[in-house]
Asks: 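Have a look at the structure that comes next, please.
Whatever order the structure lists them in is the order used to number ligands and atoms, beginning at 1.
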Amino acid sequence: MKTAIITGITGQDGSYLAEFLLNKGYFVVGLKRRSSTICTDRIDSFYDHPNFKLRYYNLNDSGCFYRLLLEYKPQEVYNLAAQSHVKVSFETPEETVNAVAMGPLRQLEAIRSVDPKIKFYQASSSEMFGVNPDAPYNEKSRLMPASPYACAKVFAHNLVNNYRESYGLHASSGILFNHESPRRGETFVTRKITIAAAKIKLGLQDKLYLGNLDAKRDWGFAGDYVEAMWLMLQQKRPDDYVISTGETYSVNDFLEAVFDSANLSIEKHVEIDPSLFRPQEVPYLLGDCTKAKKKLGWEPKIKFKELAAMMYSYDIKRIRELAFEV
Ligand code: NAP
Ligand code: GDD
């Protein structure tokens, strides 16, 4: 039985990837940081699975990671942990950069010392392309990061390449474009919109405050994207891959898709709050995932309209049940 370690297990991607690997017969060690409130909602459904073990870890703790490698002897490590909110990274830049950049450095050092055969996946991001005007972006596009978060992701991305070349590690980076789901964090714009629309529809909220509606993103489904992570580690050689849908839509398009299907008026319920704008914005993201299609045989299955509908129907059902105990 193969063993995989997943950092960031309590996050959106961690939970989907763990389910995917458990279904493939892996033993999965999920790593979570300690928090004062319980935040295991996304992993409660498989917490008791006989092939799942939850352990504490923090991206800032090198010794802890060494011990976990020695104890579980994994074949694969997926580094998904991060302070992943771009706007928050402007507010807590030092904490963000320490975790997002130095976390993978600590992990790669541990892998190189304990067992250089361990395959490593790094969660790189389309935010790394930043303000590059030459979209669509592929693996060779110039990285022009526009936030502390993206600068730190660029550092980690370059480091993975460096450890691959210097020490022959099987270390790959997935340059994933935005991916969403009913498990998306509630302060990311898509989920903020679907939760607010559901609450407005049920008479539990009146206004939704948003920032920049013009930014465009290449939005896919997280459940599809974790398969690509796994496929990267099954290849003979490590490499970098863009994972995207190849379509881009504005925040306003997403808002309209959700509000139209809920039959709600944007004019009546949505207001712009300047405090939600970022010091620097990434205006346009569009990915070209030709390489992943060709080499990994990967394709996105769920696209924009279906994704918006999936998220809204999940939230309206959940919030109705919570509010009215039906
Ligand atoms: P997420 O939902 O925000 O999950 C992040 C995870 O990292 C959570 O489990 C979080 O724990 C954990 N974490 C944060 N700081 C940590 C620390 N110092 N030590 C240990 N764990 C820590 O993010 P996601 O959407 O699943 O994304 C997964 C990864 O892909 C991230 O690295 C993100 O930057 C990257 N990425 C995401 C997207 C996207 O569109 N979703 C696109 C490209 C790249 P808590 O639950 O305690 O907060
Ligand atoms: N969060 C948020 N909240 N964003 C808003 C809001 C709001 O109220 N109003 C407008 N936006 C705009 C942001 O300015 C941005 O242009 C866009 O909506 C998407 O914002 P987020 O959903 O926060 O995602 P992101 O694109 O900044 O970052 C996500 O995708 C990256 C990959 O490109 C995160 O998941 C990152 O971790 C990931 O790397």
Side-chain angles (χ1 to χ4, degrees), residues 6-17 30-43 56-61 64-65 78-89 92 95-96 98-100 102-104 106 121-130 137 145-147 149-150 152-153 156-157 173-181 183-193 196 208-222 225-226 229 242-244 249-252 254-255 270-278 280-285 287:
I6 304 176
T7 74
I9 191 74
T10 55
Q12 171 187 255
D13 292 6
S15 65
Y16 280 110
L17 180 64
L31 306 187
K32 91 177 273 304
R33 64 176 167 175
R34 195 264 164 185
S35 55
S36 65
T37 50
I38 294 171
C39 60
T40 53
D41 303 14
R42 296 182 178 110
I43 60 170
Y56 281 119
Y57 166 65
N58 194 300
L59 284 165
N60 304 325
D61 197 324
C64 172
F65 198 74
Y78 295 84
N79 179 38
L80 308 185
Q83 188 305 89
S84 73
H85 202 286
V86 175
K87 181 160 189 295
V88 172
S89 81
T92 60
E95 193 271 333
T96 301
N98 193 11
V100 173
M102 294 301 289
R106 296 177 182 115
Y121 173 84
Q122 166 60 15
S124 285
S125 165
S126 52
E127 274 290 307
M128 300 189 306
F129 299 116
Y137 308 116
S147 65
Y149 166 82
K153 283 285 184 189
H157 184 76
S173 292
I175 308 171
L176 271 53
F177 282 65
N178 297 50
H179 45 282
E180 320 292 308
S181 74
R183 299 183 200 169
R184 183 56 144 153
E186 298 185 5
T187 60
F188 295 96
V189 78
T190 54
R191 192 76 199 291
K192 186 172 167 183
I193 291 170
L208 164 60
Y209 296 94
L210 291 171
N212 180 11
L213 301 186
D214 297 327
K216 290 191 153 185
R217 293 289 182 270
D218 180 330
W219 274 301
F221 172 52
Y225 284 30
V226 296
M229 299 175 186
V242 159
I243 300 298
S244 63
Y249 294 90
S250 67
V251 174
N252 198 52
F254 192 89
L255 181 66
V270 178
E271 286 187 15
I272 300 301
D273 177 351
S275 75
L276 295 168
F277 282 69
R278 294 158 187 200
Q280 192 181 5
E281 175 66 283
V282 171
Y284 185 91
L285 289 177

Asks: Dump the intermediate steps for side-chain contact (heavy atoms from CB on, under 4.5 Å) on I175 and H157, then the final yes or no.
Replies: CA-CA 9 Å; I175 308 171; H157 184 76; 3.7 Å; yes
Asks: Check each atom of ligand 2 against the heavy atoms of A215 and keep those under 4.0 Å away; list them by number with element.
Replies: 16 (O)
Asks: Mind running salt bridge (charged side-chain N to carboxylate O under 4.0 Å, His left out) on K192 and E180 for me, showing each step along the way?
Replies: CA-CA 11 Å; K192 186 172 167 183; E180 320 292 308; over 6 Å; no
Asks: Does NZ or CZ of R191 lie under 6.0 Å from the centre of the six-membered ring of F188, at an angle within 45° of the ring axis?
Replies: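 Cation-pi check for R191 and F188: fails.
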Asks: To the nearest 0.5 angstrom, please state how far the CD atom of Q12 sits from the CG atom of L80.
Replies: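 Spacing of CD (Q12) from CG (L80) equals 10.5 Å.
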Asks: Using heavy atoms and a 4.0 Å limit, tell me yes or no: is Q83 in contact with ligand 2?
Replies: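 No, Q83 has no heavy atom closer than 4.0 Å to ligand 2.
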Asks: One residue to check: S35. Relative to ligand 1, which of side chain, backbone, both or neither has a non-hydrogen atom less than 4.0 Å away?
Replies: neither
Asks: Which is closest to atom 13 (N) of ligand 1 by heavy-atom distance: G220, S125, A82?
Replies: A82
Asks: Decide whether an N or O pair under 3.5 Å exists between R217 and ligand 2.
Replies: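 R217 vs ligand 2: N/O contact under 3.5 Å present.
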Asks: For ligand 2, which atoms sit closer than 4.0 Å to a heavy atom of N212?
Replies: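 In order of number, 9 (N), 10 (C), 11 (N), 12 (C).
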Asks: If you take the nearest heavy atom of each of G11, S84, S244, S181, which one is closest to atom 23 (O) of ligand 1?
Replies: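 Nearest heavy atom to atom 23 (O) of ligand 1 lies in S84.
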Asks: Nearest heavy atom to atom 19 (N) of ligand 1 wins, so pick from N79, T96, L31, L59.
Replies: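 The option holding the nearest heavy atom is L59.
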Asks: Output yes when the distance from some N or O of ligand 1 to some N or O of D13 is under 3.5 Å, and no in every other case.
Replies: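 The answer is yes, given that D13 and ligand 1 share an N or O pair closer than 3.5 Å.
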Asks: At the 4.0 Å heavy-atom cut-off, does Y225 count as touching ligand 1?
Replies: no
Asks: I'd like to know if S124 contacts ligand 1, where contact means a heavy-atom distance under 4.0 Å to any ligand atom.
Replies: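 Distance cut 4.0 Å: S124 passes for ligand 1.
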Asks: Quick one: are the ring centres of W219 and Y249 less than 6.0 Å apart?
Replies: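 Not under 6.0 Å, so no.
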Asks: Judged by non-hydrogen atoms, does R183 sit under 4.0 Å from ligand 1?
Replies: no
Asks: Nearest 0.5 Å, please: how far is CD1 in I38 from OG1 in T10?
Replies: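 If I round to the nearest 0.5 Å, the distance is 12.5 Å.
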Asks: Please check whether V189 reaches ligand 2 - meaning an N/O of the residue sits under 3.5 Å from an N/O of the ligand, judged on distance alone.
Replies: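 It does: an N or O of V189 is found under 3.5 Å from an N or O of ligand 2.
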Asks: Check each atom of ligand 2 against the heavy atoms of L285 and keep those under 4.0 Å away; list them by number with element.
Replies: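 Listed by number with element, the hits are 33 (O).
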Asks: Between T187 and ligand 2, which part of the residue brings a heavy atom under 4.0 Å of the ligand: side chain, backbone, both or neither?
Replies: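 Only the backbone of T187 comes within reach of ligand 2.
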Asks: Report, in ascending order of atom number, the atoms of ligand 2 lying under 4.0 Å from any heavy atom of E281.
Replies: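 With E281 as reference, the close atoms of ligand 2 come out as 13 (C), 14 (O), 15 (C), 16 (O).
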Asks: Can you tell me if T7 and N79 form a side-chain donor-acceptor pair at under 3.5 Å?
Replies: yes
Asks: Do S250 and N252 have side-chain N/O donor and acceptor atoms under 3.5 Å apart?
Replies: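 The answer is no; no qualifying pair exists.
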Asks: Could you tell me if any non-hydrogen atom of R184 lies under 4.0 Å from any atom of ligand 1?
Replies: yes
Asks: Who's the nearest protein heavy-atom neighbour of atom 2 (O) of ligand 1, and how far?
Replies: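 For atom 2 (O) of ligand 1, the nearest protein heavy atom comes out as Q12 N, 3.0 Å.
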Asks: Has ligand 2 got any nitrogen or oxygen that is less than 3.5 angstrom from a nitrogen or oxygen of G211?
Replies: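 It does: an N or O of G211 is found under 3.5 Å from an N or O of ligand 2.
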Asks: Under 4.0 Å from ligand 2, counting heavy atoms only, is it the side chain of K87, its backbone, both or neither?
Replies: neither
Asks: Look at atom 8 (O) of ligand 2 and say which protein heavy atom is nearest, naming residue and atom and giving the distance to 0.1 Å.
Replies: K192 NZ, 2.7 Å
Asks: How long is the gap from OG on S89 to OH on Y149, to the nearest 0.5 Å?
Replies: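 Those atoms lie 8.5 Å apart.
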Asks: Is there a donor in the side chain of Q122 and an acceptor in the side chain of S173, or the other way round, less than 3.5 Å apart?
Replies: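 Side-chain D/A pair, Q122 to S173: absent.
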Asks: Looking at non-hydrogen atoms alone, which of R34, H179, R217 comes nearest to atom 42 (C) of ligand 1?
Replies: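 Closest candidate by heavy-atom distance is H179.
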Asks: Judged by non-hydrogen atoms, does Y149 sit under 4.0 Å from ligand 2?
Replies: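 It does; at least one heavy atom falls under 4.0 Å.
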Asks: Does only the side chain of K153 get under 4.0 Å from ligand 2, or the backbone, or both, or neither? Count heavy atoms.
Replies: neither
Asks: Where does K153 meet ligand 1, judged by heavy-atom distances below 4.0 Å: at the side chain, the backbone, both, or neither?
Replies: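 Just the side chain.
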Asks: Taking only heavy atoms of S84 into account, list the atoms of ligand 2 that are under 4.0 Å away from them.
Replies: 34 (C), 36 (C), 37 (O)
Asks: Let's go through R217 and E127 carefully: what are the C-alpha distance in whole Å and the side-chain angles of both, what is the deciding distance for salt bridge (charged side-chain N to carboxylate O under 4.0 Å, His left out) to 0.1 Å, and is it a yes or a no?
Replies: CA-CA 10 Å; R217 293 289 182 270; E127 274 290 307; 3.6 Å; yes
Asks: Which residues pass the side chain to side chain donor-acceptor pair (under 3.5 Å) test with N60, not counting sequence neighbours?
Replies: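 Side chain to side chain donor-acceptor pair (under 3.5 Å) list for N60, sorted by chain: N58, R106.
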Asks: Flag E95 as yes when one of its N or O atoms lies below 3.5 Å from any N or O atom of ligand 1, and as no otherwise.
Replies: no
Asks: Any non-hydrogen atom of R191 lying under 4.0 Å from ligand 2?
Replies: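 It does not; every heavy atom stays at 4.0 Å or beyond.
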Asks: Over 60° means perpendicular and under 30° means parallel, so classify the ring planes of F65 and Y57, tilted if in between.
Replies: tilted
Asks: Taking 4.0 angstrom as the limit and counting only heavy atoms of T10, give me the atoms of ligand 1 inside it, by number and element.
Replies: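 Counting from 1, the qualifying ligand atoms are 8 (C), 9 (O), 11 (O), 45 (P), 46 (O).
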Asks: Would you mind listing which atoms of ligand 2 come within a distance below 4.0 Å of any non-hydrogen atom of S125?
Replies: 31 (C), 32 (C), 33 (O), 38 (C), 39 (O)
Asks: According to the salt bridge (Lys or Arg N to Asp or Glu O under 4.0 Å) rule, which pairs have a member within residues 30-43, sequence neighbours left out?
Replies: none
Asks: Can you check whether S126 has an N/O within less than 3.5 Å of an N/O in ligand 1?
Replies: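 No - when backbone and side-chain N and O of S126 are compared with those of ligand 1, no distance drops under 3.5 Å.
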Asks: Give the atoms of ligand 2, by number and element, whose distance to some non-hydrogen atom of R184 is under 4.0 Å.
Replies: 29 (C), 34 (C), 35 (O)
Asks: For L276, which part has a heavy atom under 4.0 Å from ligand 2: side chain, backbone, both, or neither?
Replies: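 Side chain only; the backbone of L276 stays clear of ligand 2.
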Asks: Which option, L80, I6, V226, owns the non-hydrogen atom nearest atom 29 (C) of ligand 1?
Replies: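 Considering heavy atoms of L80, I6, V226, the nearest to atom 29 (C) of ligand 1 sits in L80.
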Asks: By number and element, which atoms of ligand 2 are closer than 4.0 Å to a non-hydrogen atom of S126?
Replies: 32 (C), 33 (O)
Asks: Nearest protein heavy atom to atom 18 (N) of ligand 1, by residue and atom, and its distance?
Replies: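 Going by distance alone, atom 18 (N) of ligand 1 is nearest to N58 OD1, 3.2 Å.
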Asks: May I ask you to check if ligand 2 and R278 share an N or O to N or O distance below 3.5 Å?
Replies: yes
